[in-house]
Amino acid sequence: MTLPLMRPARVAAALAALTLVLSAPSVAQLPGEPVASGTDENGKPLRPPNLEPGEKTPWLYRGSNVPVDKEWTFGELSNGVRYAVRRNGVPPGQVSIRVRIDAGSMMETDAEQGFAHLLEHLTFRGSKYVPDGEAIRIWQRLGASFGSDSNAETTPTHTVYKLDLPAATPAGLDESMKILSGMIREPGLTAEAVTAEVPVVMAELRERSGAQVRVGDATRQLFFAGQKLAERSPIGKPETLNAATSPAVRAFHERWYRPENTVIVIAGDVEPATLEALIKTHYGDWKVKGKQAPYPGFGAPDPAKPVARAMVEPGFPYLVSMGILRPWKPVNDTIAYNQQLLIDLVATQLINRRLEGRARGGGSFLQAQVNAEDVSRSVDGTFVSIVPIGDDWQAALADVRGVLADATTTAPTPEEIAREMAEFDAALAVRVESAETEAGSKQADDIIGAVDIRETIAAPQTALDVFRGMTAMYTPERLLEATQRLFSGVTTRAILISPQAVPEAEKLLNTALTRDVTADASARLAAAAVTFDDLPDLGAPGKVTQVTDLRMLGIEMVELSNGVKAILYPNDAEVSKIMVKVRFGNGYQAFPADKPSLAWAGQAALVASGVGEIGQEGLDRLTNGRRIGFGFEIENDAFAFSADTRRSDLADQLKLLAAKLAAPRWDPNPVRRAKAGTELAYRSFSMSPQTVLERDLSYLTRNRDPRWKVPSPQDAAALTPEAFRATWEPLLAQGPIEVLLFGDFEKAEALAALEKTFGALPPRAAVPVVSGADSLSFPAPTAEPVVVRHEGAPDQAAAFLGWPTGGGIIDVQESRQLEILTAIFNSRLFDQLRAQAGASYAPQVLNNWPIAFDKGGYVGVIGQLAPENVGKFFDIANSIAADLAATPVSADELSRATEPLRQLVSRASTGNNFWLNQLQGATRDPRRISALRTILPDYTVTTPERMQALAAKYLVKDKAWSFVVLPEEAPAPTGR
């Protein structure tokens, strides 16, 4: 786990991603907002210390003493438009553009709920320079894919338009900037466009509703009771959306889409001066009438509002969520303020580590977590979520409150503090090391995020310097003070979600919240030094016996004396990052295809079971402050450990993974936790069509092969520590072993580390696949769709229609041509099912071609829709398939499919993940190497006739198979 220097608002995301954004809630105050002073203790304006005398403070840093990140060029136009631009060549040729409007659902009146999001949709339909429906096609011709390269988002506080333009030529960049400016300034808000787009938004609302949304709405309404956020969801409400008119939407646009509300951020492979000139050209003459509308007040937590609520949601496990709420206030953005935020963040992570330790050790809860967060400029809160084991939520809440009581009454130990600081330091140091290869899209998004919550940003080195400069501040006393503040507020509220009614639930919850608890110090993790010397001895090192040049970018294949093979690609495409993958055994082909197994349990418990004498807690200590990972997955033809590391940690990273194969530990606690989690999770899979698809799509499209069946509570009942070990111990001993190292390392060092680790393992022979396990099949055609039921809303359904194709490496070139065909199919499906019919918000077409099996692939069409539109879905999909087989596509349609694929492959090939994924398995099957040499033309060079032939070969109606996900009471469709 790596944690960055960031606002409390991002603690949840910190568990998965690294973002270096120093907070500045007071920066760039807008009309109607509270204003912080932005001055020091002597009343002088705060100013970044790294500005030269006479140098103007950039708009993002006004009122701040955070050092300016001078890789960015900041500017303001005379009309109020602000911008930030920088040169970034990752990936080469790409330009990432973000246009942010400081208006989201919180700026809507009651009658406008959903208008900010509807306006986002309408903006993409058409505008001043683009006819209705043409913007997406224009960007496809320039190589941008809709949804991934061109998209938008609406939140309670802003709307952001995003474009990642690959291979940006001067003409293409100018045209794109022109189109975006027209979208922002003069969207096509005609009555016809509003009438056409409202059903699309309604389809989105329908597809995104369900148990999870109901729980989220109920939690928001309780926690923010009396504030605007309680009743504001960006998706809006059916009654206001259906009442939307062109004049009403235009009024919202005129009120909020103004130059002074607009921030443009561009990071790309272009000189900043060129980007500045384009902004001035396309936004410099933008003028609007009238004055800026005052911002509505967002309110503050009201202690008089109810503090407890209970809600029955049959698909959910028991869940308790608590909020300790304080009013949100703007503050001066100072280094000292950010230092305190860091101390607060360490305080929360100390508690989270204790809670996780308790859950691992067999506590009353499966999971519990603390998160400090500023929410939509409405609340400064500390939030606690608890998932009990079983139905005894009161015991789980009491246990968690006991841990919190200890944290708020007794200071942490110096050892605990040092442990968290080491994690922070490592995360920040890695960010400094890899700063040169950070993607431009990520940097642009960071600026947008900073503006939204009134932040500045700091260069990676600045963030590391700030952190290391405050080491003496991390005292037990100050951490205790921070913890006490985080768990103090004007009110504490809690909600209980249960799958069945709990008598007097709100009364019980109120009592559980106010009952005295004894501070529980047993969750504190005792100091225990664990080093890599504590790992099992691997034996005498092996030797490199053969090195083969693949004649491709300097990539080499290496064989060790014990038969282990490795593929090495040393390069600096991603500075200070090495991707490590260890593949062994037969993966899914090691399990029977005709009966249940415990394949599913491996990902939940195998790594957590430990190595040698070291359990999960010991592994955490072993890797503390290091960039050493440990992931596990089952692939079609191999099991795989994976990690991202760096040069200084590579030898120990390899030692850890090799030790897992040599001497696995069989701790029973992770197995018991996996069993409990599986039983709880299964309840949620029937909540909606989307969750049913997540549960059943892989299983049904593989003809009910039990290897891909999501385990039920009955399946989980078979999981015992003894059964888990009996299943996985022989699998960990399987060969052959393939090690892939791709990234920033020295070849000689890597070879030496391989010899000492994987080279020291005993030889492993290849194990034959289980009888029949190398076979995979798509279901046989049926006259009627297979029907699966969900327990969600009666207006929700989903449908799948698929055609069998093939599999294997021999015909992989045909699979790549099918990617072109499915891209064409997807565009037509989007146009007809969403843009024209408004029946489905996000239909998609998939090409699944399993390389490790010689058959079992398919082209599949998926749509979520209302039950009454299932027939329309099948009619449209079948019609498109028939037309593709009967008529060659146009040259323009073909270009709009191949150009985004060309850019996707070109961009992906600048990173190591692409090459690793393409070459994994090549030590067993060298055909993967030759298949890689033709990958770009396979995806991009074709003809209309070739597309027609593929459609005629595969998209045959009599070979199709389908299934539908319907509400419990809906009649099954007839035919497809």
Side-chain angles (χ1 to χ4, degrees), residues 94-101 116-154 159-169 171-201 203-204 246 249-250 253 257 262 264 266 268 278-279 281-283 286 441 444 823-824 826-838 841-844 890 892-901 903-904:
Q94 179 170 297
V95 175
S96 295
I97 306 168
R98 306 290 185 264
V99 182
R100 179 188 181 275
I101 303 298
H117 178 242
L118 174 60
L119 180 54
E120 172 210 308
H121 276 243
L122 289 166
T123 297
F124 267 100
R125 285 193 70 99
S127 57
K128 178 179 180 180
Y129 303 114
V130 180
D132 188 78
E134 278 297 311
I136 293 170
R137 295 185 179 94
I138 291 171
W139 281 323
Q140 285 176 330
R141 295 179 190 114
L142 294 173
S145 301
F146 179 68
S148 56
D149 295 324
S150 58
N151 210 334
E153 68 173 21
T154 303
T159 306
V160 182
Y161 298 87
K162 306 179 179 183
L163 175 63
D164 292 334
L165 190 65
T169 64
L173 180 57
D174 181 70
E175 180 69 9
S176 296
M177 290 289 290
K178 176 182 175 181
I179 292 170
L180 279 169
S181 72
M183 290 168 56
I184 300 300
R185 297 169 58 172
E186 298 184 53
L189 305 180
T190 64
E192 294 78 11
V194 173
T195 299
E197 199 63 26
V198 164
V200 176
V201 177
E204 182 180 2
S246 173
V249 177
R250 188 175 299 279
H253 177 270
Y257 278 59
T262 303
I264 303 167
I266 310 177
L278 287 169
I279 292 171
T281 296
H282 296 294
Y283 293 88
W286 184 15
S441 58
I824 296 169
N826 198 76
S827 290
R828 291 191 183 187
L829 188 72
F830 181 91
D831 285 344
Q832 296 182 37
L833 199 61
R834 172 180 166 169
Q836 294 180 26
Y841 171 67
Q844 57 182 313
S890 69
D892 179 65
E893 191 173 20
L894 190 60
S895 174
R896 288 190 284 110
T898 56
E899 190 57 29
L901 283 171
Q903 299 305 330
L904 178 64

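Residues: numbered from 1 along the sequence shown.
At least one side-chain heavy atom of I97 sits less than 4.5 Å from a side-chain heavy atom of L180. The shortest distance between side-chain heavy atoms of P187 and R250 does not fall below 4.5 Å. By the 4.5 Å heavy-atom criterion applied to side chains, I138 and Y129 are not counted as neighbours. Side-chain contact between D132 and T190 is absent, with no heavy atoms from C-beta onward closer than 4.5 Å. Side-chain contact between V198 and H121: absent, with no pair of heavy atoms (C-beta onward) separated by less than 4.5 Å. In this structure, Q140 and I136 have side chains that are in contact, with non-hydrogen atoms separated by less than 4.5 Å. Side-chain contact between I184 and Y161 is present, with heavy atoms from C-beta onward closer than 4.5 Å. Under the 4.5 Å side-chain criterion, counting only non-hydrogen atoms from C-beta, S176 is in contact with L142.
Across every non-hydrogen atom of Y257 and W286, the tightest pair is O-CZ2, 3.4 Å. Across all non-hydrogen atoms, the minimal contact from Q94 to S96 is NE2-OG, 3.3 Å. G188 and A193 make their closest contact through O-CB, 3.5 Å (heavy atoms, listed as atom of the first residue, atom of the second, distance). Nearest approach of G143 to D149, heavy atoms of both residues: O-OD2, 3.9 Å. Between I824 and A897, the shortest heavy-atom distance links the atoms CG1-CB, 3.6 Å. Smallest separation of non-hydrogen atoms from L165 and G172: CD2-O, 3.8 Å.
Rounding to the nearest 0.5 Å places CD of Q844 at 12.0 Å from CG of L833. With rounding to the nearest 0.5 Å, the separation of CD in E153 from NZ in K162 is 4.0 Å. Atom-to-atom distance recorded for T123:OG1 and L118:CG is 9.0 Å, nearest 0.5 angstrom. Once rounded to the nearest 0.5 Å, the distance linking CD of E197 with CG of L189 reads 11.0 Å. Between the CG atom of L163 and the OG atom of S150 there is a distance of 6.5 Å, given to the nearest 0.5 Å. Put simply, CZ on F124 and CD1 on I179 are 11.0 Å apart, with the number rounded to the nearest 0.5 Å.
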Q: Verify side-chain contact (heavy atoms from CB on, under 4.5 Å) between V160 and V99, making sure each step is shown before the conclusion.
A: CA-CA 6 Å; V160 182; V99 182; over 6 Å; no
**Q.** Verdict with supporting geometry, T154 and E120, side-chain hydrogen bond (donor to acceptor under 3.5 Å, both in side chains)
**A.** CA-CA 7 Å; T154 303; E120 172 210 308; 2.6 Å; yes
Q. Between M177 and I279, does a side-chain contact (heavy atoms from CB on, under 4.5 Å) hold up when you go through it step by step?
A. CA-CA 8 Å; M177 290 289 290; I279 292 171; 3.9 Å; yes
**Q.** From CA spacing to verdict: side-chain contact (heavy atoms from CB on, under 4.5 Å), H253, L122
**A.** CA-CA 11 Å; H253 177 270; L122 289 166; over 6 Å; no
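Residues R896 and D892 are paired through a salt bridge, judged by an N-O separation under 4.0 Å between the basic side chain and the carboxylate. In this structure, E134 pairs ionically with R137, as a charged nitrogen and a carboxylate oxygen lie closer than 4.0 Å.
Looking at R834, its side chain does come within 3.5 Å of a backbone N or O of Y841 through a donor-acceptor pair. A donor-acceptor pair is defined here as one N or O able to donate and one able to accept, closer than 3.5 Å; such a pair exists between the side chain of T195 and the backbone of A191.
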